[in-house]
Amino acid sequence: MHENSLHVAGTDDMVSHYVWNDQNQIIAFCRMEGIDSHILFKDPHLLSWERLAYPRLNSDGHQSFIDSNNFITDTYPDKRRMARIFKVNIHSNEVKLLANLNSLKKYQSIPGSHWACDLHPRMNRAGNVMCFDSVFTGKRALCIMEV
């Protein structure tokens with residue numbers, strides 16, 4: 001791929017969060033063929049793609065690669081105010097729940113302002129520890145957890 005080349009993914013007007021791995025692949029939460037899901041773009045030209053862990057993972061999330069074959073992602077709080085972090089294998093589509101955390105109502109955004117605390121999980125370079133933001137203790141905090 002040339003440094004100055006530009007490639008556009010064939011999404012259906014929606015792309016949210018995305019991340020690269022060391023195999024020059026991209027995972028993005030986006031709409032493809034009318035379905036919102038995590039998509040693995042297998043090449044840097046964004047032509048070959050695969051839907052990951054659908055329908056088990058069917059909500060937007062912030063992805064972070066553990067290694068070239070596995071990533072973590074979070075969810076926004078559900079109607080019971082629970083937010084989750086999952087580990088996903090891109091080859092087997094295996095999904096493992098790593099954390100299930102209460103996102104207290106007092107941290108819910110109101111129209112016109114963003115007050116919410118998204119988990120935003122991130123991996124360390126060794127791929128064995130993640131950090132994430134949380135309010136499950138009643139205060140905003142940075143948490144770390146072995147994976």
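Values reported hereafter were calculated over all heavy atoms of this structure, with side chains retained and with hydrogens, waters and symmetry mates removed. Counting from 1, the numbers follow the sequence of the chain as shown.
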- Assess whether atom CZ of R140 is packed by more than 12 heavy atoms of other residues, nucleotides or ligands within 6.0 Å. yes

- Message: Using the rule that Ile, Leu, Val, Met, Phe, Trp and Tyr join whenever any side-chain heavy atoms are under 4.5 Å apart, tell me whether M82 and L97 fall into a single cluster.
- Response: no

- Item | Aromatic ring pairing H38/F71, orientation class (parallel under 30°, perpendicular over 60°, tilted between) | tilted

- Item | Heavy-atom donor-acceptor pair, D12 side chain to E33 backbone, under 3.5 Å | yes

- Query: What distance separates K139 NZ from L104 CG, expressed to the nearest 0.5 Å?
  - Reply: 12.5 Å

- Hey, does the side chain of R31 reach the backbone of D36 with a donor-acceptor pair shorter than 3.5 angstrom? no

- For the pair H17 and Y76, name the ring-plane relationship: parallel under 30°, tilted 30 to 60°, perpendicular over 60°. tilted

- Query: Are side-chain heavy atoms of L46 and I26 found at a separation under 4.5 Å?
  - Reply: yes

- Where the side chain of S59 meets the backbone of T75, is there a donor-acceptor pair that is under 3.5 Å apart? no

- Message: Could you tell me if the side chain of L57 sits less than 4.5 Å from the side chain of S37, heavy atoms only?
- Response: no

- Of I39, I35, N93, the one forming a side chain to side chain contact (heavy atoms under 4.5 Å, CB included) with Y54 is I35

- Message: Just so I know, are the side chains of F41 and T11 near enough to count as touching, which here means a heavy-atom distance under 4.5 Å?
- Response: yes

